[in-house]
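Input: a single structure, listed below in structure tokens.
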Amino acid sequence: MPAVSKGDGMRGLAVFISDIRNCKSKEAEIKRINKELANIRSKFKGDKALDGYSKKKYVCKLLFIFLLGHDIDFGHMEAVNLLSSNKYTEKQIGYLFISVLVNSNSELIRLINNAIKNDLASRNPTFMCLALHCIANVGSREMGEAFAADIPRILVAGDSMDSVKQSAALCLLRLYKASPDLVPMGEWTARVVHLLNDQHMGVVTAAVSLITCLCKKNPDDFKTCISLAVSRLSRIVSSASTDLQDYTYYFVPAPWLSVKLLRLLQCYPPPEDAAVKGRLVECLETVLNKAQEPPKSKKVQHSNAKNAILFETISLIIHYDSEPNLLVRACNQLGQFLQHRETNLRYLALESMCTLASSEFSHEAVKTHIDTVINALKTERDVSVRQRAADLLYAMCDRSNAKQIVSEMLRYLETADYAIREEIVLKVAILAEKYAVDYSWYVDTILNLIRIAGDYVSEEVWYRVLQIVTNRDDVQGYAAKTVFEALQAPACHENMVKVGGYILGEFGNLIAGDPRSSPPVQFSLLHSKFHLCSVATRALLLSTYIKFINLFPETKATIQGVLRAGSQLRNADVELQQRAVEYLTLSSVASTDVLATVLEEMPPFPERESSILAKLKRKKGPGAASALDDGRRDPSSNDINGGVEPTPSTVSTPSPSADLLGLRAAPPPAAPPASAGAGNLLVDVFDGPAAQPSLGPTPEEAFLRFVCKNNGVLFENQLLQIGVKSEFRQNLGRMYLFYGNKTSVQFQNFSPTVVHPGDLQTHILSLAVQTKRVAAQVDGGAQVQQVLNIECLRDFLTPPLLSVRFRYGGAPQALTLKLPVTINKFFQPTEMAAQDFFQRWKQLSLPQQEAQKIFKANHPMDAEVTKAKLLGFGSALLDNVDPNPENFVGAGIIQTKALQVGCLLRLEPNAQAQMYRLTLRTSKESVSRHLCELLAQQF
Amino acid sequence: MCMRFMLLFSRQGKLRLQKWYLATSDKERKKMVRELMQVVLARKPKMCSFLEWRDLKVVYKRYASLYFCCAIEGQDNELITLELIHRYVELLDKYFGSVCELDIIFNFEKAYFILDEFLMGGDVQDTSKKSVLKAIEQADLLQEGDESPESAVMSEPGLSWL
């Protein structure tokens with residue numbers, strides 16, 4: 001028996017509970033419950049009116065039965081009756097039943113609301129608190145409508161008891177989160193902020209949460225809370241460990257309130273007021289200093305509470321991302337935790353360092369801990385800690401340590417838990433691609449991945465290696481040689497056969513000179529794997545064979561023999577049979593010219609966001625990942641043949657010969673597979689389903705509008721609006737992206753990321769874009785802001801892409817937009833006299849330095865508008881240079897980190913013809929052409 | 001801070017208390033409870049108290065035979081949540097006097113009342129042990145005289161955990 005049974009024991013209830021506990025089997029338990037339910041039902045239906053105590057007891061039994069996991073479909077009315085009892089314990093049980101069992105049975109809610117209304121008006125603080133709890137627990141819209149207006153009044157009323165204020169604050173918070181539109185803003189909001197100064201710590205603790213939520217939605221209206229929060233925090237942080245009496249927790253003063261205040265401050269950028277900022281920095285330093293002090297207690301509660309504040313402090317420092325000194329101190333502190341004996345601290349340190357790694361100030365400091373992190377990956381006993389270590393290695397990876405990190409992750413993969421293998425595979429694949437200095441290393445890495453964890457190498461990963469090998473001719477020979485060697489292993493993974501088959505089919509000729517890998521050897525090696533493979537792989541190999549016939553005519557007879565074999569021509573699988581029949585016919589009917597055209601090498605794939613990256617992002621949203629994977633693994637989708645090979649068999653016609661005729665008449669054969677097959681599967685694997693159509697201008701139009709301006713709406717559809725504010729100075733830029741949720745439903749797994757399409761092609765990063773993480777949830781009606789720091793390293797043509805994915809009501813949403821960063825943003829206007837201008841103009845007279853366009857006006861030709869656009873474009877406008885006053889002449893310098901490009905421009909409007917002639921001269925050919933194209937689309 | 005739900009369950013996988021701070025259908029609740037209990041019960045002692053689960057963070061701690069398990073959102077502070085669990089245990093302990101699992105089984109309604117005084121809508125209402133217990137004791141005093149406390153019948157070896 002429990003040591004105490006305080007309050008009112010209910011004997012019947014205790015007996016019932018012990019009966020249940022004594023049941024020997026599930027069946028016996030169910031029998032006992034059914035008996036009790038029948039009993040209660042008859043009592044409730046009986047003629048004799050039940051007294052309050054019995055009602056309470058039976059309602060409590062029902063509650064117990066419900067909590068055991070059984071459904072309860074009656075008793076609600078009796079519980080509602082208890083609400084209007086004037087005995088506290090009866091009322092309390094009534095409210096408990098309602099808050100546990102009632103979701104939104106509207107008829108009942110009206111009755112409940114009545115009782116709540118009475119209790120709120122009762123001026124009895126305990127009754128009021130019960131009512132407020134019930135509102136917060138049910139939190140339905142209907143309750144919001146009934147009470148949202150009353151609660152602010154209770155909250156700020158001078159005569160409300162402290163406990164009522166606390167309940168009112170959190171109740172209001174709950175309603176505001178559920179339906180912000182129902183809570184009227186008004187005079188009370190100003191007074192709420194001043195609750196930060198309240199004498200009663202409990203009131204402050206409750207109120208901070210409400211204020212934080214209000215700040216997130218209306219940052220400007222609540223700015224005054226910054227200084228109040230800072231001074232409150234400063235008082236707590238500097239107080240002695242016993243000052244706050246009961247709010248001191250194991251010698252730590254008010255840890256919950258401190259954490260909440262630090263969270264509140266994370267709604268804002270660093271304070272503008274120097275005094276406030278100074279005081280805050282002092283607080284943050286005090287917290288960091290205290291971490292170095294000897295503990296005041298050996299209890300884990302002491303260190304946990306202290307470190308909770310420390311981690312929140314570090315979050316704020318990372319959020320500000322502007323105090324290099326504090327960032328490095330934070331990093332050192334976390335470094336100490338990496339070796340702490342408490343698993344919890346190691347876990348949190350690894351997690352927190354991940355975000356530090358993305359700050360330019362602390363990235364290097366984080367990197368110094370690489371050995372400890374690698375060690376954690378190898379030795380931690382807890383898989384969730386190892387996962388954090390893998391995440392951190394991924395975050396701290398850059399060109400300087402990529403080889404080390406990738407090889408460590410590969411080694412880890414051999415023994416990694418099955419649960420996280422796929423994620424590790426994706427991460428390795430991304431790092432290998434992103435930081436590949438030489439592509440032979442990249443190919444080696446991916447083949448190693450297949451060797452070590454072939455089952456976890458998803459299609460995206462091996463598709464990607466094929467894309468890259470196809471697009472880069474300097475690695476093709478190496479790739480062919482390496483896969484050939486890999487295939488010689490007695491047992492190799494089927495994914496290796498796929499990659500090998502595809503690469504040899506495309507580039508086998510590059511190693512055919514070596515007698516050890518002559519065409520017949522290549523063929524027999526591949527064919528030795530054929531019979532062990534799945535249908536999909538065999539289909540791919542058949543395509544490789546037909547490609548061999550084209551590459552190596554000497555293998556024709558052998559391969560035709562294979563195709564002709566009964567096991568192929570009469571294969572039970574329609575796809576294999578069709579391929580065998582068509583390829584055989586193709587090889588015998590078509591002339592070598594036709595064959596060469598049909599089976600030509602695949603054209604390069606259009607470069608877009610890495611599909612693996614997209615996959616990893618999807619994995620982060622667990623629901624999304626599985627849904628998409630299921631769709632993709634649909635066996636009927638014929639991925640191999642549709643995706644990788646330009647095979648005639650994808651054109652489904654009943655007769656093979658008709659098919660061939662069709663082929664002959666077809667346009668250049670490279671085109672259709674690239675757009676139809678490859679486009680669907682290979683490159684677009686990351687295109688999320690059901691992207692909502694955009695409102696207003698198309699994304700391309702919106703993008704063009706940003707060429708001459710820095711602020712505006714980049715994108716808008718029914719769900720989401722994306723606004724942009726940006727400023728650029730020299731080769732640096734800062735861009736604020738505002739994501740507005742236009743719905744009333746929370747977006748989940750919200751993750752906007754920026755990717756550089758040109759990255760891989762050139763090896764050279766032309767733009768460095770730093771993004772800050774944003775919250776993974778965006779509440780209905782809310783707006784979140786993301787800051788991008790941009791550095792232009794060299795001139796570039798393609799803008800970075802912004803990829804936004806999130807879940808809306810369960811459905812994954814994805815869109816990819818061009819980020820409005822064009823080379824002209826880094827223009828610095830230059831003023832010069834006419835004489836200078838003409839001298840420079842002549843200096844840039846090489847034909848490739850000039851780009852010119854003559855084009856029709858798309859907008860009314862207005863000199864003022866034109867002027868504004870040219871200024872927005874970034875160049876200086878020079879007066880009195882051109883002899884014709886109608887013409888515009890401009891000059892400027894494009895600032896990149898690597899070089900500066902001087903630019904001169906001249907725009908000649910011809911109002912009669914409604915035409916313009918635009919001439920650009922710069923020291924760099926590609927820049928001239930690109931600027932000319934950009935600007936010509938503006939008029 | 002925003003807690004989504006709190007669960008108390010035994011080592012044998014019996015749910016002792018559940019508190020949901022976000023409207024969730026019965027079916028979904030049952031599924032989540034089952035899934036999460038399995039994950040947590042499979043973990044060994046000494047493993048860290050935090051794990052990523054679905055799109056939430058789970059913070060749990062075992063006291064004797066009972067697991068206390070909170071689901072919080074991505075931005076929330078894990079350590080302070082761990083101490084929030086501890087403070088709740090302290091409150092139970094203070095109220096029942098060396099609380100054990102049986103206290104919570106037989107007086108589940110009290111366990112709820114204490115939790116409600118401490119947390120509301122998934123957020124900390126008051127962290128002072130004194131004020132929370134004062135509120136509960138006041139409520140006990142409000143009870144009617146005619147219902148004298150009855151001592152119950154069970155007795156089981158103490159499972160005191162503090």
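By convention in this document, chain letters (A, B, ...) are assigned in the order of the sequence lines, proteins followed by strands, and residues within each chain are numbered from 1. Atom set for the values below is all heavy atoms of this structure, side chains included, hydrogens, waters and symmetry mates excluded. Everything numeric here is computed off the predicted structure, so don't read it as measured data.
You'll find the side chain of A:Asp246 reaches within 4.5 Å of the side chain of B:Lys129, heavy atoms only. Counting only heavy atoms from C-beta outward, the side chains of B:Leu84 and A:Trp256 approach each other to under 4.5 Å. When side chains are defined from C-beta on, B:Leu15 does not count as touching A:Leu67, because their heavy atoms never get closer than 4.5 Å. In this structure, A:Phe66 and B:Asp26 have side chains that are in contact, with non-hydrogen atoms separated by less than 4.5 Å. Contact check for B:Ile105 versus A:Ile17: side-chain heavy atoms found under the 4.5 Å cut-off. Here the side chains of B:Ser131 and A:Ser163 are not in contact, with every heavy-atom distance at 4.5 Å or above. The shortest side-chain heavy-atom distance between A:Leu345 and B:Leu79 falls under the 4.5 Å cut-off.
Here the closest non-hydrogen pair linking B:Asn77 and A:Ala308 is ND2-O, 2.9 Å. In terms of heavy-atom proximity, B:Phe106 sits nearest to A:Ala14 at CE2-O, 3.4 Å. Between B:Glu109 and A:Leu96, the closest heavy-atom pair is CB-CD2, 3.8 Å.
Heavy atoms closer than 4.5 Å to chain B are found in both the backbone and the side chain of A:Cys171. With a 4.5 Å cut-off on non-hydrogen atoms, A:Glu380 does not touch chain B at all. Using a 4.5 Å cut-off between heavy atoms, A:Leu132 contacts chain B through both its backbone and its side chain. Residue contact with chain A, scored on non-hydrogen atoms closer than 4.5 Å, involves the backbone of B:Leu119 exclusively. Using a 4.5 Å cut-off between heavy atoms, B:Gln18 touches chain A through its side chain atoms alone. Only the side chain of B:Lys61 comes within less than 4.5 Å of a heavy atom of chain A; its backbone N, CA, C and O stay farther away. Contact of A:Ser167 with chain B is made through backbone and side chain together, with heavy-atom distances under 4.5 Å.
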Between A:Tyr247 and B:Asp126, does the side-chain hydrogen bond (donor to acceptor under 3.5 Å, both in side chains) criterion hold? Intermediate values first, please.
CA-CA 9 Å; A:Tyr247 289 89; B:Asp126 202 328; 2.8 Å; yes

Q: Apply the test side-chain contact (heavy atoms from CB on, under 4.5 Å) to residues A:Lys299 and B:His86: give CA-CA distance (whole Å), side-chain angles for both, the deciding distance (0.1 Å), then the verdict.
A: CA-CA 12 Å; A:Lys299 289 247 162 94; B:His86 187 76; over 6 Å; no

The test is side-chain contact (heavy atoms from CB on, under 4.5 Å); show your working for A:Tyr249 and B:Ser128 and say whether it passes.
CA-CA 9 Å; A:Tyr249 180 84; B:Ser128 155; over 6 Å; no

Can you list the steps and then say if B:Phe113 with A:Leu130 is a side-chain contact (heavy atoms from CB on, under 4.5 Å)? CA-CA 10 Å; B:Phe113 297 150; A:Leu130 278 182; over 6 Å; no

- prompt: Under the side-chain contact (heavy atoms from CB on, under 4.5 Å) criterion, do B:Lys19 and A:Asn137 qualify, and how do the steps go?
  reply: CA-CA 9 Å; B:Lys19 183 79 190 179; A:Asn137 267 316; 3.2 Å; yes

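Ring pair B:Phe108/A:Phe64 is tilted by interplanar angle, where 30° to 60° counts as tilted. Using bins of under 30°, 30° to 60° and over 60° for the plane-to-plane angle, the ring pair A:Tyr347/B:Phe50 lands in the tilted bin.
Taken from CD in B:Glu78 to CZ in A:Phe311, the straight-line distance is 8.5 Å, to the nearest 0.5 Å. Here the NZ-CZ distance, from B:Lys44 to A:Arg381, works out to 9.5 Å after rounding to the nearest 0.5 Å. With rounding to the nearest 0.5 angstrom, the CG atom of A:Leu68 is 7.5 Å from the NZ atom of B:Lys14. Rounding to the nearest 0.5 Å gives a distance of 10.0 Å between CG of A:Leu350 and SG of B:Cys48. Taking SG of A:Cys129 as the start and CG of B:Asp116 as the end, the distance is 11.0 Å to the nearest 0.5 Å.
If you tally non-hydrogen atom pairs under 4.5 Å between each of A:Gln301, A:Glu351, A:Gln777 and chain B, the highest count goes to A:Gln301. Per-residue counts of heavy-atom pairs under 4.5 Å with chain B were compared for A:Gln92, A:Arg174, A:Gln266; the largest is that of A:Gln92. Heavy-atom pairs under 4.5 Å with chain B were tallied for A:Thr205, A:Leu348, A:Asp162; the largest tally goes to A:Leu348.
Taking a 6.0 Å sphere around CE of B:Met37, one finds it holds more than 12 heavy atoms contributed by other residues, nucleotides or ligands.
Without hydrogens or angle criteria, A:Arg263 side chain to B:Gln75 main chain gives a donor-acceptor distance under 3.5 Å. Formation of a donor-acceptor pair under 3.5 Å by the A:Gln166 side chain with backbone atoms of B:Gln125 is found in this model.
B:Lys30 has a carboxylate O that lies under 4.0 Å from a charged side-chain N of A:Asp71, or vice versa, which qualifies the two as a salt bridge. Ion pairing between B:Lys46 and A:Glu342 fails under the 4.0 Å rule for side-chain N and carboxylate O. A:Lys260 and B:Asp123 are joined by a salt bridge, as a carboxylate oxygen and a charged side-chain nitrogen come within less than 4.0 angstrom of each other. Using a cutoff of 4.0 Å between basic side-chain nitrogens and carboxylate oxygens, B:Arg43 and A:Asp382 are scored as salt-bridged.
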